[in-house]
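What follows is a single structure, written as structure tokens, with notes after it.
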Amino acid sequence: MKKLIRNRQPVKVLVIEEDPSSLEIIKTLLNQNDFELLAIAPAIGEIDLLLETFQPNIILVALELNSLGIFDFIATPQYLSTPLIGMSHSLDDEMFDRCLEHGKCLLLGKPINRYAFLSSINLLLRIYPPVQHKYVEVIDKNQQVLKIHLADIVYVEAEGNYTFIHTIQNKVYARKKPLKNLKEELDEKFIQINKSHLINIDFIQRLELGKRLLVLNNKEIKIGRSFRSDLDTFICPLS
């Protein structure tokens, strides 16, 4: 069969499915149209690590897995920004309601139809074009290199000879590098607010200039006097 979707950037797809016949159709259609199949997660226990590691552009999920709480798992703040296609042999009102809660979700009936499948993906890509995610690299306890996307970093804290990267997934990664050096790997959304903290402005919940205090991701951090000017650009939109 010829390729139907042309002239687009590489798209990373994560498939959460356990039905062999559906998987075979999905893999064939993705390969024919040059999508990058990141991984197949047949069990809910594997999904969190895959989502965090690969940062897919689209998630394809079998809604039959909702017996495992699949919608509750994916409909968390860090994954709501990822377009989702929910697939099921028997779509119902509950699935429709949960799809609306996600916001970037389309429903697709099974057995999978080639044209409906590709048109659903193409529609999501037109509405939500793939974003090229920047990242920093860290070494985990197993000496494996992990890529931490900047959009997932809430703040960075310096302590002694180390800096600690705190993510929206409530995980902490250590780097043996001064704060000023790590700052060079981040983008313009990260500003320094005291001698030991860099924060991601996207996660600011409250700013109290009188108390020289801000709250992000439910954590209070003091603003250093000499760093107040760095916040001036953001005072108006946050007030």
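In this structure, CG on L214 lies 13.5 Å from CZ on F203, to the nearest 0.5 angstrom. Annotation: the span from L107 atom CG to L63 atom CG amounts to 6.5 Å, rounded to 0.5 Å. The distance from atom CD of E94 to atom SG of C99, rounded to the nearest 0.5 Å, is 12.5 Å. Once rounded to the nearest 0.5 Å, the distance linking CE of M95 with CG of D93 reads 10.5 Å. Note that the OG1 atom of T163 and the CG atom of L182 stand 4.5 Å from one another [nearest 0.5 Å]. The NZ atom of K110 sits 7.5 Å away from atom OG of S21, with the distance rounded to the nearest 0.5 Å.
Of all non-hydrogen atoms in L124 and L84, the two that sit nearest each other are CD1-O, 3.9 Å. Taking all atoms of both residues into account, the shortest heavy-atom contact from S120 to L106 is O-CD1, 3.5 Å. When every heavy atom of L30 is checked against every heavy atom of V15, the shortest pair comes out as CD1-CG2, 4.2 Å. Across V136 and L186, no two heavy atoms sit closer than the pair CG1-CD2, 4.0 Å. A pairwise comparison of heavy atoms in Q205 and N218 identifies OE1-N, 2.7 Å as the closest pair. Nearest heavy atoms, A151 versus N200: O-ND2, 4.4 Å.
Environment of CG in N161: sparse, with no more than 12 heavy atoms of neighbouring residues, nucleotides or ligands closer than 6.0 Å. The local environment of CG in D92 is crowded, with over 12 non-hydrogen atoms from other residues, nucleotides or ligands closer than 6.0 Å. The number of heavy atoms from other shown groups lying within 6.0 Å of OH (Y162) does not exceed 12.
Of the charged side-chain nitrogens involved, none lies within less than 4.0 Å of a carboxylate oxygen, so that K219 and E157 do not count as a salt-bridged pair. Salt-bridge check for R175 with E137: failed, with every basic side-chain N at 4.0 Å or more from each acidic carboxylate O.
Of the N and O atoms on the side chains of H197 and N194, at least one donor lies less than 3.5 Å from an acceptor on the other residue.
Between the E64 side chain and the H89 main chain, a donor and an acceptor come within less than 3.5 Å of each other. The backbone N or O of L29 sits less than 3.5 Å from a side-chain atom of N33, completing a donor-acceptor pair. A donor-acceptor contact shorter than 3.5 Å links the side chain of E17 to the backbone of D19. Of the possible donor and acceptor atoms, none in the side chain of N122 sits under 3.5 Å from a partner among the backbone N and O of L118.
By the 4.5 Å heavy-atom criterion applied to side chains, T167 and Y173 are counted as neighbours. Using a 4.5 Å heavy-atom threshold, the side chains of E220 and R206 count as touching. Residues L14 and L60 are not in side-chain contact: their nearest non-hydrogen atoms beyond the backbone lie 4.5 Å or more apart. Contact of the I223 side chain with the L213 side chain is not registered, since no non-hydrogen atoms from C-beta on lie closer than 4.5 Å.
Note: Y155 and H166 have parallel aromatic rings, judged against thresholds of 30 and 60 degrees for the angle between ring planes.
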Discussion item. Under the criterion salt bridge (Lys or Arg N to Asp or Glu O under 4.0 Å), I'd like the reasoning laid out for E185 against K134: C-alpha separation, chi angles, the key distance, then a yes or no.
Written reply: CA-CA 9 Å; E185 300 181 37; K134 297 181 180 179; over 6 Å; no
